[in-house]
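The structure appears below as structure tokens.
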Amino acid sequence: MVSVMNSIDTAHEDMIHDAQLDYYGTKLATCSSDRSVKVFDVKGGQQRLVTDLRGHEGPVWQLAWAHPMYGNLIASCGYDRKVIIWKETNGTWGKLYEYSNHDSSVNSVCFAPHELGLVLACGSSDGSVSILSSTGDGSWDAKKIKNAHTIGCNAVSWAPALSPNALFEQSGRPSLVKKLVSGGCDNLVKIWKEEEGEWIEDQKLEGHSDWVRDVAWAPSIGLPKSIIASCSQDCRVIIWTNDGTSNNWSSTVLNKFKDVVWHLSWSITGNILAVSGGDNKVSLWKETLEGQWVCISDVKQGQGQVTEGQSQASRNL
Amino acid sequence: MQTVQKIVHDRVTPSNPKTMSIDCGGIVSTIAQNRDGSQVVVGGRTVFKIFNVDDEGFEEKHNLRVGKHVNLNYCAADIAWNHIDDNIIATGATNGAVVIWDLNKLSRCKQEHVFQEHKRTINRVSFHDTEHRCLLSASQDGSMKLFDLRKKEVGLSFSMGNISIRDVQFGPSNLSYFNFAAADENGNLMIWDMRRNERCERQFPAHSGPVFSVNWHPEDRTLFATAGRDKTIKVWDLVKQKCLHTIYSIASVARIKWRPQRRYHIASCSLLVDCSINIWDVRRPYVPFATFDNHKDVTTSIIFKNKDPYVMLSGSKDSLLYQHVFRDAKRPGEELVPAGVDVSVHGLVGHANSNKQGKLNTNLDSGGLMAGLLHKKSTDRHDHFVDVAPYMQVFLDTGQVVPIEELSWMVESAKRYLLTGKSIEELCKHNAQVSLSLNRGQVAQSWFILSTLFCTNQCDIKPQHPNRTTSVSVSRHVDKSENDKNKSNKEVTVDTDDKTVDDGTSGNSDDEIDDKELDSRLSNIARGQINPDWDIFFGDGEPGSFDLRAMNNFTANNKEEWILPSEAFHPRHEILDREALSYTFPHGGTDPHAHLAMENELSTSVVTSPNVDQSSNEVLTTDMRLVQCPDWEYVNIVTDMLKNFASEGDVQTPVCMLIVLQDKIRPYIDVELEEDWFLSYIDLLGRFRLWTIANYVIKLSNLPQISMLNQQSTTIHVNCNTCTRPLHRSSWLCDRCKTITNHCCICHLPVKGLFLWCQGCSHGGHLQHVKDWFSRNAECPTGCGHICEYA
């Protein structure tokens with residue numbers, strides 16, 4: 001049984017598209033069609049609105065928190081073709097950088113593992129993926145993978161910097177992995193890697209029959225293999241695994257859902273996958289010892305109990 | 001006959017309109033359609049053409065840009081087609097001329113009349129719906145003029161200062177016959193009565209910055225839309241002069257048009273950036289209901305073809321004239337992602353979604369109105385579109401899901417685990433208890449197993465506790481086998497040997513007590529059969545000497561196994577190790593010292609059971625051999641176990657076990673893998689803000705790659721306080737000016753370590769000296785008079 005612990009009324013004026021918890025799980029950022037990004041302090045079941053970031057000129061689709069070693073940074077992207085990086089300095093949030101070199105809606109942002117520096121990947125409806133890296137002196141370098149996905153790129157996700165694959169490479173110290181995975185309107189999942197400063201296609205994973213909506217590379221805490229989850233409008237979630245000994249990825253269909261699957265998120269230990277579908281449900285999945293993926297919970301939004309006190313608290317926001 | 005046909009045509013949507021386009025040969029700045037939408041006129045700096053609009057495509061009918069003197073009058077900034085007389089077209093030119101064109105003219109040049117009344121660019125021309133001889137113009141010069149086409153003269157001139165007028169439009173004749181609306185560059189909206197030119201009926205600020213477009217709602221006289229450079233489209237209740245809806249576009253809005261037969265839909269195109277045409281539902285102000293993105297440059301002009309809600313015509317800077325069909329429109333509202341999900345470090349799942357039950361929030365300005373609209377019964381598609389508007393953020397507690405408990409156990413374990421400072425056995429047991437208390441049976445069991453496998457030989461420190469002795473002995477058996485593998489630990493501390501030799505009990509270490517007897521004794525204990533004689537032995541045997549020996553063992557064990565909780569002391573494996581005794585034992589004692597010591601030790605046990613039945617001894621011995629002798633490669637099993645924990649996403653357990661076991665297991669695991677685990681665990685601890693523990697783990701890692709982590713940025717650079725040059729060699733002697741940088745002001749010797757100084761008078765010295773001084777005095781030891789105590 002999973003129950004709704006808490007509901008937060010974000011007071012967004014339109015649909016919420018993304019909610020991301022920071023590295024420590026103490027701050028929640030939400031973004032909405034109403035063009036705003038909101039940050040909440042989430043402590044002990046209480047939420048407090050910290051800031052309401054205005055700067056986008058269209059719906060904001062997705063958010064990403066940077067590793068705290070770079071400070072409190074949020075990247076947001078939206079329909080207005082912009083990527084904005086927000087920073088907290090002395091308790092006040094402000095715009096740190098704005099990137100507006102995409103020709104269409106930017107659908108996804110993802111910060112790279114902190115080992116690679118302050119690097120951000122953005123996927124856009126114009127089909128390209130941008131990689132922005134902070135040079136450290138306030139300016140940002142941009143590299144673009146043009147035509148990564150025809151029609152559009154819907155999601156990007158970075159590989160862990162310490163990929164298990166590295167262990168099996170030639171002897172000596174494994175170098176940091178600089179790879180990312182993207183999913184797009186061409187129904188494909190693609191893996192990209194940087195070689196000598198250029199981003200090239202490493203793998204093309206075919207399996208979905210409709211737009212790929214989200215991709216998520218699992219954290220590699222102790223895991224002996226690389227795992228990528230992808231979800232699509234064809235209602236399926238596919239788990240792609242690579243054992244690190246070759247460049248072959250095998251696929252397993254986690255489940256075929258009744259509705260479009262919008263989002264995926266791995267737990268930090270990388271062994272539980274949260275799947276959010278069009279039917280307003282979240283389900284949690286875990287791989288059994290036999291390699292089967294089983295649903296360990298199925299939550300329909302609204303079915304959990306919200307106690308009197310909690311609903312009171314959310315009203316007081 | 002022709003009219004009848006046209007009326008019929010009016011009512012019926014063309015059978016199958018399709019998306020199509022034609023290149024006009026130049027930038028299109030404005031388009032207008034004739035009364036029945038069968039023709040469209042296109043104007044621009046270099047273009048002035050009329051096209052027939054058929055189901056099959058566009059067909060050029062006239063090129064009006066002909067004649068002897070093609071001048072600026074031909075460059076239409078705006079075009080209006082007369083609503084009644086299909087042959088009359090009016091254009092406003094950039095030079096301020098308003099030109100009337102009569103398509104019935106026989107000559108090639110259709111120019112009928114030119115009004116040169118305005119001094120600057122015409123921004124808009126507009127015909128009255130029914131008074132087809134009335135033409136209104138709005139100009140950059142700040143005036144609007146009402147022309148009478150019959151008299152070919154200006155009827156009235158309207159002006160409010162010289163602020164340029166960007167748009168005018170007559171009200172729909174059925175709703176407000178005599179009114180027209182105008183908007184100026186300062187963001188004001190004006191409603192005029194066309195019969196009175198002294199002053200406008202109403203005027204109010206509508207936008208910040210210029211208003212580029214106004215549009216009367218075709219059916220509801222109270223609704224009126226304006227749009228401007230401030231990137232918003234606003235819908236007004238003209239009676240109450242109240243803004244009902246605000247639509248936020250991503251760019252300055254150039255033109256707006258209400259969609260016929262759709263009460264809440266409005267189309268817009270942008271002045272810059274955005275090349276697409278958006279159709280908005282005014283109740284969903286951020287996401288367009290539909291989008292046409294065929295144009296490659298900004299769209300300059302949009303119209304609904306012949307009041308058909310499904311077909312639009314548009315002109316663009318990319319020179320194309322397009323017909324768009326709603327069937328082919330993009331629906332951003334249907335493509336957008338309605339839900340977000342994220343898992344926090346604490347195992348909470350955050351789920352953002354829209355609440356389809358339609359729980360409306362009162363925080364909206366127009367919330368009341370929206371609620372009213374929403375409850376209106378309708379099966380129309382656009383209402384579904386609006387339906388998903390609300391917003392909820394829901395947090396799901398996964399704490400009750402068995403497999404994904406919150407990671408609080410991680411935090412608790414991290415805080416409570418002991419990783420060093422005691423014997424492996426004690427650490428393992430402690431950690432097992434911690435795991436048990438957190439309901440993590442598997443991990444607890446693993447710790448117990450480790451404590452059994454890797455526990456070193458123990459003579460009991462407190463022999464009065466038989467239970468404890470038992471457990472120690474149990475572990476000892478296995479320990480032997482462990483030592484069989486680890487042949488490194490052979491050395492015996494001379495200390496211990498000497499002591500045991502001197503021990504009075506050594507007299508009992510006769511040869512007649514053979515190994516078998518000892519084994520049986522041990523296995524006896526192992527099986528939990530505590531010999532009742534045990535206590536007697538300790539009580540009555542040789543209390544004095546035994547105590548001494550126990551003490552000695554205690555200290556010896558201290559040296560052997562405890563890694564002192566300070567990095568100053570490295571694990572001293574060369575000081576060994578009572579277990580080494582037992583190592584040699586099954587092989588017949590190759591090391592004489594060890595053998596002797598062992599026998600001494602054994603004898604103490606054997607004495608306790610002089611009456612043990614010989615036969616039972618035999619049985620027990622065989623038991624013992626079964627347990628002890630097989631070459632059980634458990635180290636590999638342990639490494640497998642660690643890897644298994646890691647692959648299940650628990651790096652804490654393997655890392656902690658690695659630290660506790662140190663060299664007993666670490667040689668068997670890849671350094672890279674260890675590093676990977678350590679880094680993951682340290683990262684995880686960081687997430688829970690357990691910095692101290694993370695640092696502790698780094699310190700205990702014994703891996704250069706990991707230890708590096710807390711040794712970064714720990715260098716202090718100092719400059720000489722006389723010559724201000726950097727000090728290279730030492731912190732107390734400047735190579736350059738050959739002076740000693742800091743004397744202790746108490747002992748007057750250079751301070752080589754910590755230098756403590758007063759921030760008030762800058763005097764100071766050795767930490768200890770200064771401390772001593774200030775425990776007795778308040779003033780500066782140099783006598784400078786500063787009362788350092790309070791500085």
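The chains referred to below are lettered A, B, ... by the order of the sequence lines, with proteins before strands, and numbering in each begins at 1.
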inquiry  = Going by salt bridge (Lys or Arg N to Asp or Glu O under 4.0 Å), name the residues that satisfy it together with A/D210, two or more places apart in sequence or in a different chain.
reply    = none
Pairing of B/D293 and B/K330 as salt bridge, 4.0 angstrom limit = yes
B/Y286 ring center near A/W61 ring center (under 6.0 Å) = no
So what's closer than 4.5 Å to chain B heavy atoms on [X]: side chain, backbone, both or neither?
X: A/L63; answer: neither
X: A/W211; answer: side chain
X: A/H56; answer: neither

ask   = Highest number of heavy-atom pairs under 4.5 Å with chain B: which of A/S32, A/P68, A/S265?
value = A/S265
query = Taking A/H114, A/E57, A/Q20, A/R213 one by one, which has the highest count of heavy-atom pairs under 4.5 Å against chain B?
reply = A/E57
ask   = Quick one: do the B/S276 and B/D274 side chains pair a donor with an acceptor below 3.5 Å?
value = yes
ask   = Residues two or more places apart in sequence or in another chain: which of them pass side chain to side chain contact (heavy atoms under 4.5 Å, CB included) with B/T653?
value = B/R440, B/V443, B/F645, B/D650, B/M657
